[in-house]
Novice: 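Let me give you the structure first, and then I'll get to my questions.
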Protein chains: 2
Amino acid sequence: MKTGTPRAKRRFKDDVYAALARVPAAIANPHRLELLELLGQRPRTVADVAGEAGLSIANASQHLQVLAKCGLVEVERHGTFAFYRTTSVTVYRLLQSLHEVANQHDRAIAEVFAKHLGDRDRGIEDWEKARALMRDPRVALLDARPAEEYAAGHLPKAINAPLEGLRSGKVSLPRSKRYIVYCRGPFCTFADDAVAILRERGFDATRLDLGPLEWQAAGRQLSNVG
Amino acid sequence: MKTGTPRAKRRFKDDVYAALARVPAAIANPHRLELLELLGQRPRTVADVAGEAGLSIANASQHLQVLAKCGLVEVERHGTFAFYRTTSVTVYRLLQSLHEVANQHDRAIAEVFAKHLGDRDRGIEDWEKARALMRDPRVALLDARPAEEYAAGHLPKAINAPLEGLRSGKVSLPRSKRYIVYCRGPFCTFADDAVAILRERGFDATRLDLGPLEWQAAGRQLSNVG
DNA sequence: TTCATATTCAAGAGATTTATTGAACAAAGG
DNA sequence: CCTTTGTTCAATAAATCTCTTGAATATGAA
């Protein structure tokens with residue numbers, strides 16, 4: 001009965017799928033998902049991400065070990081500090097796909113996004129368009145992430161304009177330019193906030209719905225200068 | 001202590017990550033992963049996939065409902081039959097990313113693949129190269145999947161050469177041509193088997209490490225003719 | 001109507017995952 | 001040496017997931 005799948009092949013498949021399933025199992029937890037996105041930006045210590053994600057240190061450490069066990073993150077130890085970071089850009093691609101699927105098919109998450117992002121303007125969504133705009137010398141590129149993340153690598157020619165700097169007025173920008181603002185990526189809200197602040201003050205600002213990881217995924221290098 | 005993340009933002013993030021995590025939770029099970037890959041090919045009934053994956057029907061039904069609940073698969077009912085299929089190509093991209101990450105970082109799965117695929121020749125891995133070869137009229141494209149899957153959609157100009165057909169000799173091919181063989185995708189082994197059979201019989205055959213879903217992901221249409 | 005088929009539902013035992021707790025360890029400074 | 005700091009380990013109760021079982025539903029055929 002049925003086309004007899006050879007038993008040996010069954011077993012092989014079982015192994016493959018069991019091994020494969022370990023990765024989604026590792027990211028099937030809200031906290032680990034958050035940690036993974038935090039670590040995608042730059043190496044961070046356990047206490048650091050624990051604080052940002054609202055977890056106890058022991059708990060964060062355990063979650064990080066789960067992520068490390070299937071190769072999603074790796075550790076580098078300096079003294080008593082353990083700096084965790086994602087292992088490669090393929091991890092980011094996985095998260096990206098996850099966002100895509102969730103947004104497309106999960107009504108709940110689409111609602112969550114819709115509710116909190118409101119009817120925000122969609123920004124620029126592809127590199128070609130962004131690069132075309134950037135050729136105009138009257139257009140400047142702003143990086144709305146915190147200074148540390150900017151320092152760890154940013155888009156070429158981007159100027160760091162972290163939110164606190166914008167709010168406090170520490171970052172002062174010429175009013176003659178037009179600004180394109182990016183942050184971590186399409187699902188990060190730093191650039192939205194930055195655009196709102198800038199517009200409030202009469203600047204011409206537009207969001208770029210792409211970030212450094214998309215830039216790398218497109219096969220390009222980040223800059224560390226400036 | 002710490003840069004005070006506003007409480008409202010915390011809550012919002014919790015919602016987002018909780019919603020996001022439902023998708024990996026759904027695919028964090030070997031059986032569901034297998035079902036998802038089976039359904040990626042064409043719509044199939046519960047009993048059908050249950051048989052192929054070695055599950056009881058009730059169990060398969062439950063797993064399928066988990067997948068459906070977060071929008072990874074959808075049902076279409078015809079009489080008493082329930083045909084399940086993946087909802088969109090974004091689901092395939094997610095699985096693709098998963099394979100990439102797992103192969104790259106999970107030693108266990110890399111070993112599983114290495115062990116079972118042996119040191120198989122890497123096939124053709126990009127469409128440009130494949131298309132360049134296909135321009136030669138002495139080269140023919142073979143689809144090594146079962147006839148049903150071929151009928152549901154295949155690459156333009158591909159000839160169906162299912163494994164049973166090749167083994168039994170029902171599919172006879174001119175020896176004057178050179179063959180490029182594909183199947184479901186880079187992680188499917190049908191094409192490997194087909195290439196092995198063909199070479200054993202003196203044909204010039206090469207594997208194409210891409211399939212119909214990669215073809216669609218590249219923005220192209222499948223053919224139903226032939 | 002009755003029967004057979006394809007699927008879904010509901011409940012429960014057994015296994016796994018999660019957050020918490022407090023202890024243990026290891027590096028650096030005094 | 002002792003103390004502090006950052007991290008990891010180990011144990012546990014609570015929650016969740018998994019598979020099986022047997023019943024329930026719903027369609028189509030006789």
Side-chain angles (χ1 to χ4, degrees), chain A residues 1-2 10 14 17-36 38-39 42-70 72-85 108, chain B residues 1-2 10 13-14 17-36 38-39 42-70 72-85:
Chain A
M1 51 209 74
K2 281 259 137 241
R10 264 292 55 246
D14 285 351
Y17 288 117
L20 260 183
R22 279 200 286 272
V23 174
I27 58 175
N29 172 287
H31 295 310
R32 286 200 290 271
L33 217 36
E34 181 168 10
L35 293 178
L36 207 48
L38 288 173
L39 297 176
R42 64 175 195 280
R44 303 180 78 161
T45 65
V46 178
D48 185 8
V49 290
E52 182 136 354
L55 301 173
S56 75
I57 297 198
N59 197 193
S61 174
Q62 287 174 335
H63 281 309
L64 289 171
Q65 283 171 61
V66 172
L67 290 173
K69 201 165 284 174
C70 61
L72 292 168
V73 304
E74 58 193 1
V75 201
E76 193 174 324
R77 291 173 200 279
H78 289 109
T80 61
F81 290 89
F83 287 88
Y84 281 85
R85 61 160 174 263
Chain B
M1 54 211 68
K2 282 258 138 248
R10 255 312 34 257
K13 279 197 170 184
D14 285 351
Y17 288 116
L20 261 184
R22 279 200 286 273
V23 174
I27 58 175
N29 174 288
H31 295 310
R32 286 201 291 270
L33 218 34
E34 181 167 9
L35 294 178
L36 206 48
L38 288 174
L39 297 176
R42 64 175 195 280
R44 304 180 76 162
T45 65
V46 179
D48 186 9
V49 290
E52 181 135 357
L55 300 174
S56 74
I57 298 200
N59 197 193
S61 175
Q62 286 174 334
H63 280 309
L64 291 170
Q65 282 171 61
V66 172
L67 291 172
K69 200 163 286 174
C70 60
L72 291 168
V73 305
E74 58 192 4
V75 202
E76 193 174 323
R77 289 172 202 282
H78 288 109
T80 62
F81 292 89
F83 287 87
Y84 280 86
R85 62 161 173 260

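As the structure is a computational prediction, the values presented were derived from the model and not from experiment.
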Novice: Table please: side-chain donor-acceptor pairs of residues 77-84 of chain A below 3.5 Å, with sequence neighbours left out.
Specialist:
residue : atom : partner : partner atom : Å
A:His78 : NE2  : A:Glu76 : OE2          : 3.4

Novice: Verify the contact: side-chain N or O of A:His63 to OP1 or OP2 of C:dT17, cut-off strictly under 4.0 Å; return yes or no.
Specialist: no

Novice: Which residues satisfy the side-chain contact (heavy atoms from CB on, under 4.5 Å) test with A:Ala50, sequence neighbours excluded?
Specialist: A:Ile57, A:Ala60

Novice: Give, for atom CD of B:Gln62 and atom OG of B:Ser56, the distance between the pair rounded to the nearest 0.5 Å.
Specialist: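 B:Gln62 atom CD to B:Ser56 atom OG measures 7.5 Å (nearest 0.5 Å).
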
Novice: Could you list the protein-to-nucleotides 5-9 of chain C atom pairs, N/O on both sides, closer than 3.5 Å?
Specialist:
residue : atom : partner : partner atom : Å
C:dA6   : O4'  : B:Thr80 : OG1          : 3.3
C:dT7   : OP1  : B:Val46 : N            : 3.2
C:dT7   : OP1  : B:Ala82 : N            : 3.3
C:dT7   : OP2  : B:Ala47 : N            : 2.9
C:dT8   : OP1  : B:Arg77 : NH1          : 3.0
C:dT8   : OP1  : B:Arg77 : NH2          : 2.9
C:dT8   : OP1  : B:Tyr84 : OH           : 3.0
C:dT8   : OP2  : B:Ser61 : OG           : 2.7
C:dC9   : OP2  : B:Gln65 : OE1          : 2.7

Novice: What range of DNA chain D does chain B touch, first nucleotide to last, counting atoms under 4.0 Å from its heavy atoms?
Specialist: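 On DNA chain D, the outermost contacted nucleotides are D:dT18 to D:dG28.
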
Novice: Taking the side chain as every heavy atom from C-beta outward, state whether B:Glu74 and B:Arg85 have any pair of such atoms under 4.5 Å apart.
Specialist: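 Yes, side chains in contact.
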
Novice: Any side-chain to backbone donor/acceptor pair from A:Arg44 onto A:Leu35? Under 3.5 Å, distance only.
Specialist: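 Such a contact is absent between A:Arg44 side chain and A:Leu35 backbone.
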
Novice: Which residues pass the side chain to side chain donor-acceptor pair (under 3.5 Å) test with B:Ser61, sequence neighbours left out?
Specialist: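 Listed in chain order: B:Gln65.
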
Novice: By nearest heavy atom, map A:Val66 and A:His78 onto DNA chain C; which one lands nearer the 5' end?
Specialist: A:Val66

Novice: Taking only side-chain N and O atoms of A:Asn29, does any of them lie within less than 4.0 angstrom of OP1 or OP2 on C:dT17?
Specialist: no

Novice: Output all residues satisfying side-chain contact (heavy atoms from CB on, under 4.5 Å) with B:Ala26, sequence neighbours left out; order by chain, then residue number.
Specialist: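 In terms of side-chain contact (heavy atoms from CB on, under 4.5 Å), with neighbours along the sequence ignored, B:Ala26 is linked to B:Val66, B:Leu67, B:Cys70, B:Leu72.
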
Novice: When rounded to the nearest 0.5 angstrom, what distance separates CG in B:Asn29 from CD in B:Glu34?
Specialist: 10.5 Å

Novice: In this structure, how many angstroms lie between the P atom of C:dA19 and the CG atom of A:Leu35, rounded?
Specialist: 10 Å

